[in-house]
Amino acid sequence: MQIIVNGETREFADNLTLSELLGQLEITEGKLAVEINGEIVPRSQHATHTVVNQDVVEIVQAIGGG
Amino acid sequence: MSTVEDKPLVVAGKTYDSRLIVGSGKYKDFNENQLALEASGAEMITVAIRRVNLGQNKDEPNLLDVISPEQYTILPNTAGCYTADDAVRTCRMARELLDGHSLVKLEVLGDQKTLYPNVTETLAAAEILVKDGFDVMVYTSDDPLIALRLEEIGYVAVMPLGAPIGSGLGIRNPYNIRMILENAKVPIIVDAGVGTASDASIAMELGCDGVLMNTAIAEAGDPVLMASAMKKAVESGREAFLAGRMPRRLYASASSPIDGTFF
């Protein structure tokens, strides 16, 4: 399936949880937030939320800024 | 002994000893940022919310590992947002990222060249964010009527600009800041425009409750030393405000007595 992660279209195997997706992207869980199709998926649901074909995923963190 | 007692800065129910709020942008590295933060004495620091770089080194440190949310109040901003929708979305991401922390700095920009606030979008975002339970510190223009309107909507602090973001031009319209202060029931914090220590003192001498700055420290020749200068400038400006300055006179007024001269 295709997932659009942070603006990049990428191929993944079907039936992935959000936690598995983050794992495949080598992103460590912790100080980040994830939105799928404009809706935040709370950290507590990462392990159970299933991503589906054409999902638009945004993964953000805090960086330096004023 | 001073007879004037100061009340501390309180934002969204939390008391701060320092009236200086600093940014975390434009530093050479995390270490310089951290040293400047320590030298500034600030207890609140702004951060931006951005996409994680895919394929980045997963061992790369995170800003929040260096600047601990346990030790400092993290103030996520909506920098780079030009619409109310983007700003609200950014605030929600920030709240999730910081485990439900509801304090945010709202800035909805209107134009890339000036980075002036888009006040109509800021007001639109205001209604949504307050209803959604956020404690919002809002970057806005130095228009006293807009400042009052934002306060009425329920923002916890109103932060008028002294001059454009990153310009270092100082407090260009102190009279407007004074008008904003006259009406204010929430903290008024000058956000943007400070270039050097005297600018921070001027903001505080006007009676502002605090000053927020980033570039003035980060782009100084020695950011850590400038952070220390800003700490003192904010403190001395506050003390001068509390002490009450002498009246301005057009002509001289001798400091030594006229009586008792022997010549």
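Residue numbers begin at 1 in each chain, while the letters A, B, ... track the order of the sequences. Predicted, not measured: the structure shown is a model, and the values here were computed from it.
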Exercise. Heavy atoms only: give me the nearest B:L63-A:I63 pair and the separation to one decimal.
Key: CD2-C, 3.4 Å
Exercise. Using the side chain to side chain contact (heavy atoms under 4.5 Å, CB included) rule, take A:N6 and B:N53 through it: C-alpha gap first, then chi angles, then the decisive distance, then the call.
Key: CA-CA 8 Å; A:N6 285 2; B:N53 291 323; over 6 Å; no
Exercise. Over all heavy atoms of both residues, which pair between B:M93 and A:A33 is shortest? Give the atoms and the distance, please.
Key: O-CB, 3.3 Å
Exercise. Using modelled atom types only, decide if a donor and an acceptor are shared between the side chain of B:R89 and the backbone of A:G38 within a distance under 3.5 Å.
Key: no
Quiz item: Around A:N15, counting heavy atoms of other residues, nucleotides and ligands shown, do more than 12 lie under 6.0 Å from its CG?
Solution: no
Practice problem: Give the member of A:V41, A:I59, A:V5 that has the highest number of heavy-atom pairs under 4.5 Å with chain B. | Solution: A:I59
Quiz item: What option among B:T46, B:L212, B:L98, B:D65 has the most heavy-atom pairs under 4.5 Å with chain A?
Solution: B:T46
Practice problem: Identify the residue among A:V34, A:I40, A:V60 that makes a side chain to side chain contact (heavy atoms under 4.5 Å, CB included) with B:L97. | Solution: A:V60
Quiz item: Atom CG of B:L64 and atom CD of A:Q61: how far apart are they, to the nearest 0.5 Å?
Solution: 8.5 Å
Quiz item: Side chain, backbone, both or neither: which part of B:K105 has a non-hydrogen atom closer than 4.5 Å to chain A?
Solution: side chain
Quiz item: More than 12 heavy atoms of other residues, nucleotides or ligands under 6.0 Å from CD of A:Q2: is that the case?
Solution: yes
Self-check item: Closest approach of A:G64 to B:A48 (non-hydrogen atoms, all atoms of both residues)
Solution: O-CB, 3.9 Å
Quiz item: Between A:R43 and B:E96, what is the shortest heavy-atom contact and its length?
Solution: N-OE2, 2.8 Å
Quiz item: Considering residues, nucleotides and ligands other than A:E39, do more than 12 of their heavy atoms fall under 6.0 Å from its CD?
Solution: no
